Amino acid sequence: MAVFTEVSDNEARELLRRMQLGDLQSLRGIEGGIENTNYFLTTDQGEWVLTLFERLSAEQLPFYLHLMKHLAHAGIPVPEPQADRNSGDILHQVCGKPAAVVQKLSGRSQLAPAAVHCAAVGAMLARMHLAGRSYERSQPNLRGLPWWNETAPIVLPHLDPAAAGLLRSELAYQNHIAASSAYAALPRGPVHADLFRDNVMFDGEQLTGFFDFYFAGVDTWLFDLAVCLNDWSIDLASGAHDAERARAMLAAYQGVRPLTAAERELLCAMLRAGALRFWISRLWDFHLPREASMLKAHDPTHFERVLRQRIAHPLRLD
Ligand SMILES: Nc1ncnc2c1ncn2[C@@H]1O[C@H](COP(=O)(O)OP(=O)(O)OP(=O)(O)O)[C@@H](O)[C@H]1O
Ligand SMILES: N[C@@H](CCO)C(=O)O
């Protein structure tokens with residue numbers, strides 16, 4: 001469980017009182033997650049998730065919280081942030097940290113997805129991209145190319161020569177792609193940017209929600225789709241592409257929003273970009289860890305394997 005900050009029952013009661021969400025019945029630290037402190041809050045009125053933000057600042061948070069609200073109001077199943085009944089604020093303060101209380105989604109994560117789950121994620125991702133067009137706030141993807149360029153020199157000394165060579169050459173390739181005219185032509189808007197299997201809820205084959213929007217930002221829609229393909233449609237043991245699940249996700253996405261010519265041209269490059277992004281962040285989390293009452297860093301070598309696979313076997317769109 002990643003609980004970086006311990007919240008007392010009294011602090012939770014005071015917060016619930018301000019939001020008029022009922023009387024506290026239980027407060028439970030959540031297992032899983034590596035970024036923030038999360039608790040389930042159960043009251044006589046329902047179930048909620050309390051998040052204390054450990055890295056993001058009060059200036060950065062309104063973008064994510066209002067995006068969730070915007071998407072929820074547009075009919076996309078995402079947890080809606082709850083407001084203070086007096087001030088109307090959806091950003092709170094708990095234990096001196098910025099905090100949010102959002103609806104608890106029903107269902108559970110589908111950690112061994114079939115094609116039908118990938119299709120559901122693809123279709124909802126495209127709907128979410130379209131719904132985001134009318135969102136007026138803007139904030140860059142804070143884990144985008146500038147962050148990769150900044151962070152690579154910090155993690156490189158921890159790598160063996162072969163891995164370091166791959167990281168350097170892929171970073172050079174991605175800087176080259178980002179300067180191309182095809183890249184400039186990619187449609188963009190608010191994206192989730194971290195929509196892995198553990199950030200989607202399902203009830204059987206029914207998708208019940210997307211959550212954990214705290215890596216969202218304005219970036220290319222194609223990058224968001226690539227991040228999903230790199231997690232939902234690969235074999236986790238080898239990092240190899242799974243054609244059936246990828247086809248299902250791509251077809252369902254395109255059933256809602258067909259890819260443009262520039263997107264078709266750059267899909268392979270963005271699959272590599274998605275792998276590089278999580279390879280770097282996992283190296284950073286692994287080699288420069290933080291204190292938490294129980295924190296398990298993700299394996300960085302997984303995304304090194306995914307990246308090697310994406311380079312060796314570029315995806316072909318039929
Ligand atoms: N709105 C929600 N509804 C239901 N469950 C939730 C919700 N938000 C979080 N959870 C549960 O809490 C767990 C941890 O949350 P989350 O994945 O957001 O952690 P994190 O540390 O913020 O992010 P990361 O996935 O980036 O490490 C999830 O796996 C899920 O079980
Ligand atoms: N999805 C990320 C964790 C941070 O959200 C990863 O698997 O590295």
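As the structure lists them, so they are numbered: ligands from 1, and atoms in each ligand from 1. Everything numeric here is computed off the predicted structure, so don't read it as measured data.
- Tyr173 carries Arg272 over the face of its six-membered ring, with the cationic atom under 6.0 Å from the centre and within 45° of the normal.
- Checked against the 6.0 Å centroid criterion, the rings of Trp284 and Trp147 qualify as a close aromatic pair.
- Contact annotation: for Leu105 versus ligand 1, heavy atoms closer than 4.0 Å belong to both the backbone and the side chain.
- Taking any N or O of Arg282, backbone or side chain, at least one lies under 3.5 Å from an N or O belonging to ligand 2.
- Considering both main-chain and side-chain atoms, Asp194 comes within under 3.5 Å of ligand 2 through a nitrogen or oxygen pair.
- Per-residue contacts place Ile30 under 4.0 angstrom from the following atoms of ligand 1 (heavy atoms of the residue considered): 11 (C), 12 (O), 13 (C).
- Among the atoms of Asn36, some N or O lies under 3.5 angstrom from an N or O of ligand 1.
- Here Asp231 pairs with Arg197 under the salt bridge (charged side-chain N to carboxylate O under 4.0 Å, His left out) rule; sequence neighbours left out.
- Contact analysis leaves Thr51 out of contact with ligand 1, as no non-hydrogen atom separation drops below 4.0 angstrom.
- Contact annotation: the side chain of Pro81 never approaches that of Val101 to less than 4.5 Å [non-hydrogen atoms, C-beta and beyond].
- Residue Met201 holds the heavy atom nearest to atom 31 (O) of ligand 1 of all those in Arg197, Arg108, Glu54, Met201.
- Seen from the ring of Phe211, Arg108 does not count as a face-on cation partner, given the 6.0 Å and 45° thresholds.
- Close to ligand 2: Phe215, with a non-hydrogen atom less than 4.0 angstrom away.
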Next item on the list: Go through the steps to decide whether Arg143 and Asp285 satisfy the test salt bridge (charged side-chain N to carboxylate O under 4.0 Å, His left out), and finish with yes or no.
Entry: CA-CA 13 Å; Arg143 291 279 185 276; Asp285 286 331; over 6 Å; no
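- On a distance-only criterion, Gln103 and ligand 1 share at least one N/O pair closer than 3.5 Å.
- Proximity of the aromatic rings of Tyr253 and His129 is defined here by a centroid distance below 6.0 angstrom, and this criterion is met.
- Close contacts between ligand 1 and Pro79 involve ligand atoms 1 (N) [criterion: under 4.0 Å to a heavy atom].
- A ring-centre distance under 6.0 Å is not found for Phe215 and His192.
- Cation-pi geometry between Lys104 and Phe40 is satisfied (NZ or CZ under 6.0 Å from the ring centre, within 45° of the ring normal).
- Contact atoms of ligand 1 toward Lys104: 3 (N), 4 (C) (distance under 4.0 Å to a heavy atom of the residue).
- Interface of Val49 with ligand 1, defined as ligand atoms under 4.0 Å from a residue heavy atom, comprises 1 (N), 2 (C), 3 (N), 6 (C), 7 (C), 8 (N).
- Those atoms of ligand 1 with a heavy atom of Phe211 less than 4.0 angstrom away are 7 (C), 8 (N), 9 (C), 10 (N), 28 (C), 30 (C).
- Within the 4.0 Å heavy-atom criterion, neither part of Phe196 lies near ligand 1.
- Every atom of ligand 1 is numbered from 1 in the order shown, and the set under 4.0 Å from a heavy atom of Asn38 is 14 (C), 15 (O), 16 (P), 19 (O), 20 (P), 21 (O), 22 (O).
- At a 3.5 angstrom cut-off on N or O pairs, Tyr214 does not count as close to ligand 1.
- Taking every non-hydrogen atom of Phe196 and a distance limit under 4.0 Å, the qualifying atoms of ligand 2 come out as 1 (N), 6 (C), 7 (O).
- No salt bridge links Asp224 with Arg277; every basic N to acidic carboxylate O contact stays at or beyond 4.0 Å.
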